[in-house]
Protein chains: 2
Amino acid sequence: MKTKLKIYDTTLRDGNQALGVSLSLRDKLRITEKLDELGFHYIEGGWPNPSNEIDCTFYREVNSLKLKARIAAFGSTRRAGVKVADDLFLPQLINTGAPVATIFGKSSTLHVQKVIQTSLSENLDMIAESVAYLRKYLDEVIYDAEHFFDGYRSDPEYAIKTLSAAAQGGAASIVLCDTNGGMLPDDFLAIFSAVKERITTPLGVHLHNDSGCADANACLAATAGAVQIQGTINGMGERCGNANLCTIIPNLQLKRGFRIVSDHQLSLLTPVSVFITELANITPNCRLPYVGEAAFSHKAGAHADGVRKVRHSFEHVPPETVGNARNFVVSDQAGSSTILEKLSTIQPSLDKKDPLVKKLLHTIKDLEAEGYQFEAADGSFELIAREVLGLFKEPFSVKGFRVIEEKRENGHVFSEATIKVRENEVFEHTAAEGDGPVNALDNALRKALVKMYPSLGSVKLEDFKVRVLDGREGTESKVRVLIESSDGESRWGTVGVSANIIEASWMALIDSLKYKLMKEMLAKTGAVRRAIRRY
Amino acid sequence: MKTKLKIYDTTLRDGNQALGVSLSLRDKLRITEKLDELGFHYIEGGWPNPSNEIDCTFYREVNSLKLKARIAAFGSTRRAGVKVADDLFLPQLINTGAPVATIFGKSSTLHVQKVIQTSLSENLDMIAESVAYLRKYLDEVIYDAEHFFDGYRSDPEYAIKTLSAAAQGGAASIVLCDTNGGMLPDDFLAIFSAVKERITTPLGVHLHNDSGCADANACLAATAGAVQIQGTINGMGERCGNANLCTIIPNLQLKRGFRIVSDHQLSLLTPVSVFITELANITPNCRLPYVGEAAFSHKAGAHADGVRKVRHSFEHVPPETVGNARNFVVSDQAGSSTILEKLSTIQPSLDKKDPLVKKLLHTIKDLEAEGYQFEAADGSFELIAREVLGLFKEPFSVKGFRVIEEKRENGHVFSEATIKVRENEVFEHTAAEGDGPVNALDNALRKALVKMYPSLGSVKLEDFKVRVLDGREGTESKVRVLIESSDGESRWGTVGVSANIIEASWMALIDSLKYKLMKEMLAKTGAVRRAIRRY
């Protein structure tokens, strides 16, 4: 069994370059924890520089997380004609406190002479000196040879010299980059193998998918002896994206005997893929290999029939190995086994043949068909589960609300909400203003409830996401609102679905407060408090 | 130059198996015409059988189109224990009037014995007799060896025998199928090459993308002597999809010297890809190689800078060769040079030292600091640019709005919007209901404007995205709303930012309609209409 292959994740840096993606600091920290759970060996946080506030803060805050992965700070070689210590960016990599720095340099004479406009020999010095400088202060320096394959094709001897400069500077590994993503597999393998003959420093690859061959090339490289694969979750990245770790890891681990992560970690691949898609607020690609919603969906009758007779007749791997599920019908995300799995964490003693379990499965499937999704809404899922199983009774009920939004001629926008709530036998009818309709509702609701439940005062709404479920109908379509809340101790996600964005927000809001009350009751009754969300 | 490679399109059959896709007869006929324009050699229409009305009618109607492509009818070998002429489906292929029939048969002992449950020798007879029978009546019979690679791995001798049976029956070509999409490139090439040594009938490949390697494998096969590549537009297909002809054709033609289609036909690839996405009513994947919206979008400042200096520094092929366009994304990660570049496409004659340009740069930077993001909002960007440059004056102004949302005790939610608009000197004060606040506003606004601007009736809101901007203030935080609209001809994105989600949606909504009017005015005044989005 091969054991040496390391995964280097650049979702937070290169993935964040994807069209339409713009991760916040909180997003980045939450994703970091997930990548660490997956067992990835390196996590690249970003490019710290004075104009990039988020990435600088990221490195300060990430140090307080307990991670197994090594955090890498990304940057480039020093600028031409500048001393390493005087470079504007290079010393920033040391200041991050990250144990690893990854810097890229130029491999291609075109890029040296025409893009950064310096001499070929100065470029070699820039590489060697920058690596050596970082090596003095840090555990490990990784050298990314940008445009390596293009450079090698136009001038192989110079391209090799740039790698030797990095090796001489003390790079722990050298990563050959197909920056433009133009490489076809046979050419790719020929160049990779030629370099492997001449460079003794361990090699990695960083690939883009502009020719649709990034994942195939990663597989060829690993088989030919690469020790590090760089990529992103779901292949997110600039232009056509990066090599997709969600494809490459199962390809190598399930089909080539590499032992990259544990079996359990491999089974987290689908949930983490979905989590990051939601967090980045991008449209999921259902056709992604292994982790896509359609990856194990059988639509052709003959295929569905074949699978029923012999499971692997139309499946290249068992879907559960990557945390996905077989799906015969054109329908929803989670298989019922996923739901049962989740349920057993709420009540481990539950008998799976209990009719209440069946009822819950139906409830969840019906809600999924309506557009609910519980991947990022464990709070709502647990509320529903406990209600169906008779483990929780809702503490208050809301009789109705009204919201008025008015934009006046002076441009000022005014939001007012009124609500009517029943707590046990007491009615509360209150009104509040807010910065917007959801905030006004939130304010009115708390005003009504906080007298009876003072702990709701500690609940903060941390994030709020809206996804249109069917883009075809514009402002008439259904929306799904995901709210993330915290009380300073833990975090939970809740969900609402409606054609009306206010109502959907309202549903998620109500669930958020109910969840807090439920958590409190469980704590009071001595039930074991479970960390619902793992972050 | 190599000349023999033929493209066999199965978008209408295998593509139609994609999750969420269901092409109508009209869709199929329209797509056929487009595929023919692209210069594809074979177009597979479907699987004609009595239970498939659409496919049977398709073959009758397609004969009246004047096509250069050869139409193929798809089916399988005869059933076990039945005479060819008595088979329920086989004679149907002849009745279609198509000159080509493509039939699949089993290559794998597992499938013969466990799935169709017959003997290994009967399976060989089924293949040879079915091909020979069709060959009597038709110009050309293509044999698809289903699960060939899996079959070869478990029993190479038997797998080869199935091919020999097809050759003996008179198959014009034999297509090796990776039906489960499980093949990694090196194993794939080894098996393909081994078969090539033993079978003299011309070979083709039919590949699925479950391991993310279909396009790479197609490239390897073509280089190793395959004469036919089967695939679909955009890689549409069951599970993770089929080999993507929009990737494979440019890979082979632009990088390997194959002459598959004309240069003009190659440049139709992006528009046809978009056309079929629209017709199939699926969410476009912006990251598709060559034809995706993001395929030549440069977001990183350093990349945009590089492309300006040397076009191919960050582009593997010139985007116009495949009918796509370079796009500099205005993002917070982009420098001001990106904005200038974009500006030059709006007004090429613009002097970059013009004080208005400076003013615009300030305006954009200020808006970005407030939370605007123009990356997916080219429409809003162009409106602002033209307004600042004095090239556009807003056609109407909105004096204010009021929205009432009410959730009554019966659970029903009611949305009403009233608005006041001024168009030139005329005031309109209208009201409308809707499925939610934004829909009610949209309805009221169109009601007020459509009398004066009937073309606004064609504007559809295609997508609607909400992102909470950082600040950790829950429902008090600022939100950014992105709206994507289309008028059937082109698409544009607009943006609004506010602490109030209704106001932010409102801003994006207003920009969307203004953009449409601006586009129209430009067309009328004879200004060169620029395709903002490429479709």
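In this text, all values refer to a predicted model and were calculated from it rather than measured experimentally. Naming convention: chains lettered A, B, ... in sequence-line order (proteins, then strands); numbering from 1 in each chain. For the numbers below, each heavy atom of this structure counts, side chains included, while hydrogens, waters and symmetry mates do not.
Contacts between B:K399 and chain A at a heavy-atom distance below 4.5 Å involve backbone atoms as well as side-chain atoms. For a residue to count as touching a neighbouring chain, one of its non-hydrogen atoms must lie under 4.5 Å from one of that chain's; by this rule A:S211 touches chain B with backbone and side chain alike. Heavy atoms of B:D187 lying under 4.5 Å from chain A belong to its backbone as well as its side chain. Proximity to chain A (any heavy atom under 4.5 Å) is restricted, for B:K309, to the side chain, taken from C-beta onward. Contacts between A:H208 and chain B at a heavy-atom distance below 4.5 Å are absent for every atom of the residue. Contacts between A:S415 and chain B at a heavy-atom distance below 4.5 Å involve the side chain alone, from C-beta outward. Heavy atoms of B:E409 lying under 4.5 Å from chain A belong to its backbone as well as its side chain. Contacts between B:L110 and chain A at a heavy-atom distance below 4.5 Å involve the side chain alone, from C-beta outward. Heavy atoms closer than 4.5 Å to chain A are found in both the backbone and the side chain of B:V115. In this structure, no portion of B:E416 lies under 4.5 Å from any heavy atom of chain A. Proximity to chain A (any heavy atom under 4.5 Å) is restricted, for B:N285, to the side chain, taken from C-beta onward.
One side chain, B:E315 or B:H298, offers a donor N or O that lies under 3.5 Å from an acceptor on the other. Side-chain contact annotation: B:N500 with A:E405, donor-acceptor N/O pair under 3.5 Å present.
Ion pair A:K106/A:E146 flagged as a salt bridge, since at least one NZ, NE, NH1 or NH2 atom sits closer than 4.0 Å to an Asp/Glu carboxylate oxygen. Here B:R256 pairs with A:D186 in a salt bridge; the nearest charged N to carboxylate O distance falls below 4.0 Å. Residues B:E406 and B:R408 are paired through a salt bridge, judged by an N-O separation under 4.0 Å between the basic side chain and the carboxylate.
Ring centers of B:H111 and A:F314: under 6.0 Å apart, within the cut-off. B:Y290 and B:H316 have their aromatic ring centers within a separation under 6.0 angstrom.
When A:C213, A:A295, A:S76, A:A214 are compared by the number of non-hydrogen pairs under 4.5 Å with chain B, A:A295 comes out ahead.
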